[in-house]
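Encoded as structure tokens, the structure appears first; notes follow it.
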Protein chains: 2
Amino acid sequence: MSLRFAALGLLAQHPGSGYDLLRRFELSMANVWPATQSQLYGELNKLADGGLIEVTDIGPRGRKEYRVTEAGRAELVRWITAPEADPPMRRPDLLRVFLLGELPAETARTYAVDFAEHAASELARLQHLRDSFEWGADDADFYGRAALEFGLRDAAMEERWAQWLVSAIDERISISPSA
Amino acid sequence: MSLRFAALGLLAQHPGSGYDLLRRFELSMANVWPATQSQLYGELNKLADGGLIEVTDIGPRGRKEYRVTEAGRAELVRWITAPEADPPMRRPDLLRVFLLGELPAETARTYAVDFAEHAASELARLQHLRDSFEWGADDADFYGRAALEFGLRDAAMEERWAQWLVSAIDERISISPSA
DNA sequence: GAGTGCATGTAAGAGGTTACATGATTTA
DNA sequence: TAAATCATGTAACCTCTTACATGCACTC
């Protein structure tokens with residue numbers, strides 16, 4: 001359901017073709033709501049069928065230039081401000097944490113170390129994204145930057161938590177040694 | 001794909017029926033990987049078909065007592081230690097952040113305030129969970145507690161981030177006032 | 001014997017992924 | 001003219017959600 005609004009929102013920020021949207025999407029929203037090319041094109045057709053967006057021009061190679069309609073903008077605002085219950089988080093990596101007891105403590109410890117490293121590299125990736133992008137003064141950049149800030153804080157938190165877990169496992173091993 | 005391992009993992013920790021699993025699931029893993037009753041029963045049948053679990057007993061009301069097989073335990077360990085690329089995060093609430101520029105600044109600010117409040121109440125819920133549960137000394141409790149710690153840190157981070165966003169929006173409003 | 005809880009299952013449909021299919025246009 | 005890029009679409013399959021269906025066993 002959310003991809004529908006990602007597409008609608010991108011078009012509200014700026015008109016363009018599915019192909020245009022796809023590239024803008026990859027750089028921004030795909031970080032919080034990944035989607036494939038197939039899916040995006042499908043949503044655009046559905047949105048057009050529903051009258052929320054419209055084709056304003058057909059260019060070379062069958063390129064369709066889309067634009068948001070009034071109805072589409074209203075629907076977008078409704079979705080953003082609606083306090084709909086969002087689907088809860090789905091994290092396979094945390095699911096594994098619940099099951100680390102099925103592994104030898106040393107192996108579980110390795111999992112935690114890897115978790116920390118993964119978070120650190122994600123942090124580095126986002127820092128690079130922040131530093132390499134030319135941030136403008138418009139709303140889209142302001143809020144995009146805010147979403148990125150979330151990612152940075154999240155990655156930093158995850159790294160610290162994983163380091164804490166490594167220590168906790170070490171302590172647990174030393175209390176009841178396996179050898 | 002992950003629910004399969006959630007079910008397998010729960011059975012690895014302790015044998016039981018689908019109904020038993022469902023209750024244990026709600027208290028633990030459902031926080032990081034929600035699933036419905038239908039789905040869980042379906043997975044149990046698939047796991048049994050694949051020889052990863054087996055029915056050891058049939059009790060009253062057609063109750064099936066399941067147990068992990070050797071193959072199942074091996075598959076579980078493989079999954080936990082496999083560095084498979086996990087699906088990336090999907091957060092409609094952050095998707096909305098990208099689109100807050102489509103709203104008046106005052107309305108966007110309200111969204112951020114609500115975000116902070118939501119995080120605060122989630123934090124309170126998890127703190128209550130932590131304080132009301134009788135934590136044992138076994139592995140399942142140790143790692144369950146670790147996963148809960150993640151949730152606590154995450155909720156705290158989200159609240160602080162949202163508060164930061166409120167301040168940033170306030171600053172932005174004061175710099176370029178709308179009235 | 002009525003109500004609650006135990007216990008499992010089916011079916012329809014939406015959302016999402018992967019792979020494939022097709023072809024025009026620009027650039028080297 | 002070959003390669004890269006632009007540009008859109010279809011089909012099969014899996015996951016997940018929602019709703020419905022069924023019935024036994026225990027307790028009051």
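Convention: sequence-line order gives letters A, B, ...; per-chain numbering from 1.
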Rounded to whole Å, CG of B:L40 lies from P of D:dT17 at a distance of 12 Å

Discussion item. So, does A:Q39 get its side chain near the phosphate of C:dT17, meaning an N or O under 4.0 Å from OP1 or OP2?
Written reply: yes

*asked:* Between A:S167 and A:D170, is the side-chain hydrogen bond (donor to acceptor under 3.5 Å, both in side chains) condition met? List the steps.
replied: CA-CA 5 Å; A:S167 304; A:D170 282 341; 5.5 Å; no

note: A:L44, atom CG; D:dT10, atom P; distance rounded to Å ~ 13 Å

Taken to the nearest whole Å, CG/B:N45 to P/C:dA11 is 14 Å

A:R24 atom CZ is separated from D:dC6 atom C1', nearest whole Å, by 17 Å

Taken to the nearest whole Å, CD/A:Q37 to C1'/D:dT8 is 7 Å

Separation of D:dG9 atom P from A:D49 atom CG, nearest Å, is 11 Å

| query | With distance as the sole criterion, is a donor-acceptor pair present between the side chains of B:R125 and B:N31 under 3.5 Å? | reply | yes

**Hydrophobic cluster membership, A:F142 vs B:L99, 4.5 Å side-chain cutoff** = yes

Between the protein and nucleotides 12-14 of chain C, list the N/O to N/O atom pairs that are separated by less than 3.5 angstrom.
none

Any A:R90 side-chain N or O less than 4.0 Å from OP1/OP2 of D:dT17: yes

### Message
Determine whether a donor-acceptor pair (N or O, by modelled atom type, separation under 3.5 Å) exists between the side chain of B:Q39 and the backbone of B:P34.
### Response
no

In terms of heavy-atom contacts, A:Y41 and A:Y19 come closest through OH-N, 3.5 Å

Carboxylate-amine/guanidinium proximity below 4.0 Å for B:R67 and B:E65 = no

Are A:W161 and A:F115 an aromatic pair by the rule of ring centers under 6.0 Å?
yes

Tabulate atom names and distances for all N/O pairs under 3.5 angstrom spanning the protein and nucleotides 1-7 of chain C.
from, atom 1, to, atom 2, distance (Å)
C:dG5, N2, B:R61, NH1, 3.1
C:dC6, OP2, B:Y19, OH, 2.9
C:dC6, O4', B:R61, NH1, 3.1
C:dA7, OP1, B:R63, NE, 3.1

When rounded to whole Å, the CG to P distance for the pair A:L21 and D:dG9 reads 13 Å

Sequence neighbours excluded, the answer for side chain to side chain donor-acceptor pair (under 3.5 Å) partners of B:R153 is B:E149

In whole angstroms, the gap separating C1' of C:dG15 from NZ of A:K46 amounts to 7 Å

Would B:D86 and A:R96 pass as an ion pair if we require N to O under 4.0 Å?
yes

- Task: State whether the distance check finds a donor on one side and an acceptor on the other, under 3.5 Å, for side chain B:S38 versus base D:dT18.
- Result: yes

Between B:T36 and A:Y66, whichever has its closest DNA chain D nucleotide further toward 5' is A:Y66

